[in-house]
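A short worksheet on the structure shown next.
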There are 2 protein chains.
Amino acid sequence: MAQNEKITILDIARRTGLSKGTVDRVLHNRGEVSRRSYDKVMAAIEELGYEPNVYASLLAKGQHHLVAVLIPAHEPGTFWELAAGGIEKAAESVGTLGVRMQHFEYDQYDIESFRAACARVLEAGPSGVVIAPLFQEETDLFAAQLREHGIPFAYIDSKPETDGYLAYFGMPLYKSGYLCADQLTGGFAVPSALIVRIRRDRNQQSDPTINRRAGFVDYMLEHSPDCILGNVFIDPNDPDSIEGTLDAWFREHPGTRHIVMFNSRIHLLVPWLQRHPDSQRRVVGFDNLKANMDALRDGTVSCLIAQHPDEQMRLAIEALAEYILRRKLPQKKDNFMHMDILTRYNVDYY
Amino acid sequence: MAQNEKITILDIARRTGLSKGTVDRVLHNRGEVSRRSYDKVMAAIEELGYEPNVYASLLAKGQHHLVAVLIPAHEPGTFWELAAGGIEKAAESVGTLGVRMQHFEYDQYDIESFRAACARVLEAGPSGVVIAPLFQEETDLFAAQLREHGIPFAYIDSKPETDGYLAYFGMPLYKSGYLCADQLTGGFAVPSALIVRIRRDRNQQSDPTINRRAGFVDYMLEHSPDCILGNVFIDPNDPDSIEGTLDAWFREHPGTRHIVMFNSRIHLLVPWLQRHPDSQRRVVGFDNLKANMDALRDGTVSCLIAQHPDEQMRLAIEALAEYILRRKLPQKKDNFMHMDILTRYNVDYY
DNA sequence: TTTATTTCCGTGCACGGTAACGGAAATAAT
DNA sequence: ATTATTTCCGTTACCGTGCACGGAAATAAA
């Protein structure tokens with residue numbers, strides 16, 4: 001561990017009777033070195049315990065790497081805004097290492113815009129890419145292109161089944177549904193619960209909420225087998241329909257109390273919930289959007305399960321930087337992040 | 001934000017008609033510069049948006065800074081072991097910047113050992129110090145010494161009332177007690193609950209659990225005013241006494257169900273809890289020690305509130321490094337970390 | 001053997017900043 | 001006016017690597 005003096009490239013040059021140029025060629029094995037010399041250098045490196053000086057290296061090549069981030073447009077108050085926030089956090093840690101970040105947006109409901117964004121990323125010539133893969137097939141195509149160019153990439157949020165990525169940072173979706181159910185019921189059997197869903201565009205192949213719902217349902221089957229699970233669909237862009245849909249459902253099922261949503265839009269229900277207060281009702285949703293946290297504070301929502309997309313982003317960028325600068329692979333390829341339970345009593349510290 | 005080209009020290013030298021030597025003198029204000037030149041340089045720096053190249057700087061001076069960490073001995077399975085874990089995490093991020101860390105231990109029940117550790121820290125001549133201040137007065141003395149030497153320091157876990165530190169990273173203690181109460185009761189009124197405590201040495205002046213208990217009690221007064229709160233004391237080194245104490249209490253108060261501890265030792269109750277199973281009982285404790293998380297998994301403990309001391313450690317070290325290397329003050333001086341709620345359903349991802 | 005090619009390797013500058021050294025210019029002392 | 005001091009500033013030699021350039025040595029082709 002403790003080396004009294006730093007071994008430099010010059011030391012092993014002297015030791016082997018070669019020049020630092022040759023040693024450098026060996027270190028980066030860029031050829032033009034005889035077998036004999038190669039072995040001598042390698043032996044000396046081993047023997048003296050040489051470790052390259054990162055500063056000198058970075059200074060010398062003066063490389064300013066670019067990491068491209070490819071995520072859906074982050075409208076204020078959306079899930080992707082949170083993710084984008086992680087870019088700045090990453091900038092603090094790896095920015096000093098000469099890594100810059102650039103942000104490429106696409107419309108999550110328009111596959112064409114995704115294709116266009118991919119093209120722009122390639123044009124920018126990044127050293128690494130972070131991808132939030134919403135369109136499965138298109139993502140695979142893009143991944144293949146990146147591999148061709150030798151550009152490493154990492155996924156956040158969800159990941160395609162195809163391999164070839166450097167790392168993945170996401171949430172254990174199935175488990176999150178399980179956890180969600182436990183928070184909704186408090187561990188006790190409940191007679192019924194309502195699942196509020198948003199109808200998805202068929203173009204968008206990847207839907208994380210499917211797995212969440214599966215975990216939720218399995219928990220209920222185990223702990224509350226007689227529970228009746230209702231499903232209603234709402235249109236996020238039509239507040240009136242939300243009101244109407246919920247009113248209709250509760251008129252027909254007055255016994256139901258608890259409500260759950262598996263995406264980040266639980267805040268859409270706040271107006272209705274406020275008009276129909278019920279101190280015994282539990283409402284559980286996902287993700288620490290500002291609107292959601294406000295609902296938590298005023299008691300409209302009981303609990304949020306947060307996955308901290310900003311952390312995922314930061315870790316993905318850091319993993320890429322580590323690989324780009326030092327060729328170091330991440331310890332784990334698939335990283336499932338912690339799920340945080342937010343209530344009105346701890347939400348203020350997020 | 002986007003600077004096309006990096007501004008170097010030479011650029012501002014040329015811009016001002018001075019030499020890089022002079023610019024350097026200004027940058028490190030080591031005098032021998034006329035007022036006129038000083039102003040010119042400062043203006044150019046501002047104007048061109050100069051930012052020093054950390055690599056070149058570190059390479060040139062070859063400094064390897066040392067951050068000393070002063071925390072209680074981290075026996076395996078204790079709270080401080082978690083904190084010590086953060087040192088390695090910090091090493092990954094700031095280690096590449098030439099910052100090394102050294103760890104100084106003391107016995108948290110022996111004030112003499114704390115004094116000795118302080119002396120050893122000063123001998124090592126660190127560029128910054130992280131302190132977990134358990135002995136209030138002694139810590140103030142040490143802080144004064146550090147200030148004298150111009151060594152910046154940061155507190156974790158708790159902080160003395162004296163100012164002069166660079167940053168503090170800890171948990172909102174009072175609020176954590178509040179949150180704890182909410183998790184224990186599920187928001188409903190309960191008839192009674194038992195608080196299990198550990199008798200403290202009077203030498204140790206700083207006790208974080210006091211504030212926690214205050215928050216807990218206040219929550220109960222609001223939400224469960226008629227609740228009877230029991231207090232028992234156990235000796236952590238005597239398992240038999242733990243059994244006896246709990247048996248005795250529950251013999252006299254059979255109506256009580258829920259149990260809470262405000263320190264990290266809830267795992268001490270596991271043997272007793274396992275011998276007296278009760279599916280309706282809620283048991284809440286603090287901190288993500290391995291033994292605690294195991295108890296969560298097998299259902300013995302219902303809920304843990306985690307503050308992630310390793311994160312506190314990492315952030316404290318990073319803040320120090322940022323100040324040492326770039327003289328940048330942390331954004332906030334007092335940082336209250338998030339409190340995470342751990343249940344059997346999300347504990348596997350910690 | 002001479003000439004043309006490869007193979008292999010040393011030299012030297014660049015990267016951006018640090019700080020010691022010494023000297024010119026400005027001021028003070030004689 | 002001359003000398004002694006300050007005050008201020010430019011020059012220069014590093015720090016450890018990366019890499020282009022050119023040339024010596026070894027081999028192949030003539």
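What you see is a predicted model; the values in this text were computed from it and never measured. Chain letters run A, B, ... following the sequence lines, proteins first, then strands; residues in each count from 1.
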(message) Considering every strand and a 4.0 Å limit on heavy-atom distances, what is the contact class for A:Tyr50: base, sugar-phosphate, or nothing?
(response) sugar-phosphate
(request) Scan residues 16-28 of chain A against DNA chain C and write down, sorted by residue number, each residue with any heavy atom closer than 4.0 Å; if none is found, say none. (result) A:Gly17, A:Leu18, A:Ser19, A:Lys20, A:Gly21, A:Thr22, A:Arg25
(message) Ring centroids only, cut at 6.0 angstrom: are A:Tyr106 and A:Phe104 within range, meaning strictly under it?
(response) no
(message) Does C:dT18 have OP1 or OP2 under 4.0 Å away from a side-chain N or O of B:Ser57?
(response) yes
(request) Measure from the side chain of B:Asn53, starting at C-beta and using heavy atoms only, and say which of C:dG17, C:dA19, D:dT17 lies closest. (result) C:dG17
(message) Give the dot-bracket line for DNA chain D from 5' end to 3' end: parentheses for intra-strand Watson-Crick or G-U pairs under 3.5 Å, square brackets for crossings, | for inter-strand pairing, dots for unpaired.
(response) ||||||||||||||||||||||||||..||
(request) Rounded to the nearest angstrom, tell me the gap between atom OH in A:Tyr55 and atom C1' in C:dT18. (result) 15 Å
(message) Is it the case that the side chain of A:Asp11 and the backbone of A:Thr8 share a donor-acceptor pair, with hydrogens and angles ignored and the cut-off at 3.5 Å?
(response) yes
(request) Would you mind reading off the distance between B:Ile9 atom CD1 and C:dA19 atom P, rounded to a whole angstrom? (result) 11 Å
(message) I'd like to know if the side chain of A:Ser113 reaches the main chain of A:Asp107, judged simply by a donor and an acceptor atom lying under 3.5 Å from each other, with no hydrogens or angles considered.
(response) yes
(message) Are B:Phe114 and B:Thr139 packed together at the side-chain level, in the sense that at least one heavy-atom pair is separated by less than 4.5 angstrom?
(response) yes
(message) Main chain of B:Ile12, side chain of B:Thr16: is a donor-acceptor contact present, judged purely on distance under 3.5 Å?
(response) yes
(request) Please state how far atom CZ in A:Arg36 lies from atom P in D:dA26, giving the value in whole angstrom units. (result) 12 Å
(message) Output the rounded distance in Å from NZ (B:Lys61) to P (C:dA20).
(response) 12 Å
(message) Do the side chains of A:Arg314 and A:Asp310 get close enough for a salt bridge, i.e. N-O under 4.0 angstrom?
(response) no
(request) For C:dC9, take OP1 and OP2 only and decide whether either is under 4.0 Å from a side-chain N or O of A:Ser34. (result) yes
(request) Please report, rounded to the nearest Å, how far the P atom of D:dC19 is from the CD atom of A:Glu32. (result) 13 Å
(request) Just compare D:dC19, D:dC8, C:dT18 and give me whichever is closest to any side-chain atom of B:Arg30. (result) C:dT18
(message) Donor-acceptor pair, distance only, cut-off 3.5 Å: does the side chain of B:Lys333 make one with the backbone of B:Tyr165?
(response) yes
(message) Using whole Å, what does the distance between atom P of nucleotide D:dG18 and atom CG of B:Leu59 come to?
(response) 12 Å
(request) Let me know the distance between CG of B:Asn29 and C1' of C:dA19, rounded to the nearest Å. (result) 15 Å
(request) Give a yes or no answer on whether the side chain of A:Tyr168 reaches the backbone of A:Pro160 with a donor-acceptor pair at less than 3.5 Å. (result) no
(message) Under a 4.0 Å threshold between the charged nitrogen and the carboxylate oxygen, would A:Arg15 count as salt-bridged to A:Glu47?
(response) yes
(message) Please report the distance, rounded to the nearest Å, between CD1 in B:Ile12 and P in C:dT18.
(response) 11 Å
(request) For A:Glu81 and A:His74, indicate whether the former's side chain and the latter's backbone hold a donor-acceptor pair under 3.5 Å. (result) no
(request) Please check if the side chain of A:Gln312 supplies one atom and the backbone of A:Ile156 the other of a donor-acceptor pair under 3.5 Å. (result) no
(request) Answer yes or no: is there an ion pair linking B:Arg147 with B:Asp163, defined by an N-O contact shorter than 4.0 Å? (result) no
Under 3.5 Å between N/O atoms: give me all the protein pairs with nucleotides 4-6 of chain D, atom names plus distance.
none

